[in-house]
Amino acid sequence: MRIMFLSILTALVAFSQVVVYRTRPAAAAGGIPVLYWATDNNNTRQRTVDLYRAWLKKNGYPDMDVKVDNINGTLQKLVIQGVAGVGPDIINAFAWDLKFLNQTGMIADLGPVFAGLPVPAENHDPMVSNDLWEGSARLGFSQNAGTSYYFVNRTWLRSIGMAMPPESWTPDQFEAYGREYVAKANRGRKEKVRSFLINTVDRETLRRSAGISIFNETLTACTLNRPEYVALYKRIYRWMYDEKFIPTAAESASFSVEAGKGGGNYTQLFHRGYFAMQWSGLPILIMLRDIQPPVDLGIAECPNLGYRNSVSRTYAAALYSGSRNQKLARYFLLYLTSEPHNLQIADNGDQMPPIPAFRERDAFLKPAAWPNEWDAHRQYKDKAKELGIPSEYSPWVAYAPTQKEEYKAWDTFISRVATAEAACAQAEERINDLIARACQRSAELRARRAKALEVQARIDQFKKEGKKIPLNLVQNPFLYRYYKDTGAGI
C-alpha cells in the first residue's frame, strides 16, 4: 500500500509539473524564444540575464529571453521535472547534484552541443575539472568558483590587543593562539554570550591535512575508520568543550537569539566580535558589505596536520538533455567564459570569477569601494590556486548520502551517544553499505566495481610493500594530488 501511495503521489507531482511547464510561454512578447534557467534565489541573477542579452547583441548571436526560475531549482523538483520530460533548459547545480543528475540522464554532454562555437582556450579553472567532467563528457561550465577559509576580523583583534593569526598553522599553533584569544576576548566581557575564536571547523579540510580521504584510491570503499580520524574527532571535541574555541550546539542557539536581537545573522555576529574568524567562501562579503562600519579583513587557513589544502568547488550551469532549446541555451554557457560575466562576479562577491585570468585584475583584487577587502581577496585568490583540490565523488554512491552518514556519525559522537572510535566505524560501515546496495541493484555497477577492485588490490600491494603508488592507477583526485605532492606516488 505504501509503495502504491508513493507511486501515485509521484505521478501526480510529475503531472503537475507537466501542466506548469506547458503553461509557460515559448516566446516573449516580441516573438523571441524564451529559455528557463533553474537557479538559486540570488538577487544578481536578473542582472546576469540583462548582461547576457547585451552580450548576444554585441556578438551577433541569436537573441533570446531567459526567465529566472528560482522556485523549481531544488534537486527534488529537477528530478521530477526530468522524469516528466519537462526540465528547465539551463540548470544551475553544485557538482554533487550535477553528478547525480547526470546519472539520471538529465544532463547533456556538451561536447557535441558546442561544436562550431568559439570556446576560449581558458574556459574553466583546472582545480574544478573533476566537478565539470564525467570521463570525457563535459557536463557544465562554471558560473563561479571558490573554496573556503577563515575570514579574520582584524579590526576586532586589534581592539582587544591580539596579534594577527598566521595564514598557515599547525593545530598546536592554533591552540596556543586560541587560548590567548579566549582569555583576552572574554576578560571583562559584558555580553551574555562569550566570544569564540572560530564559528566552526571544517572536518573535511582538517582530515585531508592528515592525508585522509573519505574514499580509497579507486573510490570503491569508504576509509574513514582510521586512528588519525578518531584522534581528530577527539581533538575537535576538546576545542569545543575544554578550550572553548568553538561554540557548542547550545551556545550556537544562544548566538541565534543574539542575532535576532541585533537583526542580523552569523556574519553580523562575526562583525561584532562574537568570534574572531568565520569559515566561509567569498559570499560572506555580500553580507558584510551591508554592515557598517566596514572591518579590515584577512584570511587564515584551516589548521593542518602536515598537508595544507582546501576544497575547490564550483557552481556550474548545465543543459537539460531533454531541452528542445539546446542550440540556443549553449550560448548562455559560452557567456559564462566572457568578460562581462567574469567582471560581474568580480564585482558582486559571488565567489571568484570562473576564468582564472580575471582574478588577476584589479576589479577582483582591489574593488574600489571596499579597500578593507583587498588583502582578503589577494590571499583568497593565491591560496585557492596553490591549495585547491576538488572533492571526491564515487561512481558507486551519491555524494549527499555519504555526507549525511558522516554528519550523523559526528553528531552521535559530539552529543556523547557514541565514542569517537564507534562513530568513525559507523560512518565507514554505513557508507560501504550504501555502495554495496547500489551495486546489488545494478549489474553494470557491479561489473565496473569488480574491475576497480582489481586495481585497488594492486595499489594495496604497493602500500604493503612500502613502494610508491603509480599515479595512473589512482582515481581519487585528492589522493592523486596528495601522493604527487608528498612523493608517495610515482
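Count residues from 1 along the sequence.
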Does the side chain of Phe364 come within less than 4.5 Å of Pro353's, by heavy atoms?
-> yes
Under 4.0 Å between a Lys/Arg side-chain N and an Asp/Glu carboxylate O for [X] and [Y]?
| X | Y | answer |
| --- | --- | --- |
| Glu373 | Lys366 | no |
| Asp172 | Arg235 | yes |
| Lys67 | Asp65 | yes |
| Asp350 | Arg45 | yes |
| Arg361 | Glu339 | yes |
| Arg207 | Glu228 | no |
| Lys408 | Glu405 | yes |
| Asp125 | Lys385 | no |

Mind checking what makes salt bridge (charged side-chain N to carboxylate O under 4.0 Å, His left out) contact with Asp485, not counting sequence neighbours?
-> Arg481
Taking the side chain from [X] and the backbone from [Y], do they hold a donor-acceptor pair closer than 3.5 Å?
| X | Y | value |
| --- | --- | --- |
| Trp96 | Ala398 | no |
| Thr205 | Asp202 | no |
| Arg138 | Gly140 | yes |
| Glu217 | Val474 | no |
| Glu251 | Thr248 | yes |
| Gln326 | Ser321 | yes |
| Asn372 | Val295 | yes |
| Tyr331 | Met64 | no |
| Asn186 | Val182 | yes |
| Asn348 | Ala346 | no |

Please assess Ser209 against Asn304 for the test side chain to side chain donor-acceptor pair (under 3.5 Å), listing each intermediate value before the final yes or no.
-> CA-CA 5 Å; Ser209 76; Asn304 74 83; 5.6 Å; no
Classify the angle between the aromatic ring planes of Phe141 and Phe114 as parallel (below 30°), tilted (30 to 60°) or perpendicular (above 60°).
->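 Geometry flag for Phe114 against Phe141: parallel rings.
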Hey, what's the ring geometry for Trp55 with Tyr52, parallel, tilted or perpendicular (30° and 60° as the breaks)?
->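 Rings of Trp55 and Tyr52: parallel, as their planes differ by under 30°.
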Option passing ring pair (Phe, Tyr, Trp, His ring centres under 6.0 Å) with Phe245 (candidates Phe196, Tyr150, Phe275, Phe174) | Phe174
Chi angles and distances behind the side chain to side chain contact (heavy atoms under 4.5 Å, CB included) call for Ile214, Gln403 = CA-CA 10 Å; Ile214 192 170; Gln403 294 300 301; 4.0 Å; yes
Is there a donor in the side chain of Asn476 and an acceptor in the side chain of Tyr482, or the other way round, less than 3.5 Å apart?
->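 Side chains of Asn476 and Tyr482: no pair found under 3.5 Å.
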Short side-chain donor-acceptor distance under 3.5 Å, Ser252 and Tyr266 =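 Yes.
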Under the side chain to side chain donor-acceptor pair (under 3.5 Å) criterion, do Arg330 and Tyr335 qualify, and how do the steps go?
-> CA-CA 9 Å; Arg330 62 181 183 160; Tyr335 169 72; over 6 Å; no
Kindly determine whether Val201 and Trp279 satisfy side chain to side chain contact (heavy atoms under 4.5 Å, CB included), including the steps that lead there.
-> CA-CA 7 Å; Val201 63; Trp279 185 259; over 6 Å; no
Start with the C-alpha distance between Val34 and Asn325, add both sets of side-chain angles, then the distance that settles side chain to side chain contact (heavy atoms under 4.5 Å, CB included), and finish with yes or no.
-> CA-CA 9 Å; Val34 174; Asn325 295 313; over 6 Å; no
After noting the C-alpha distance and the side-chain angles of Ser394 and Tyr399, does the key distance pass the side chain to side chain contact (heavy atoms under 4.5 Å, CB included) rule?
-> CA-CA 8 Å; Ser394 171; Tyr399 179 88; over 6 Å; no
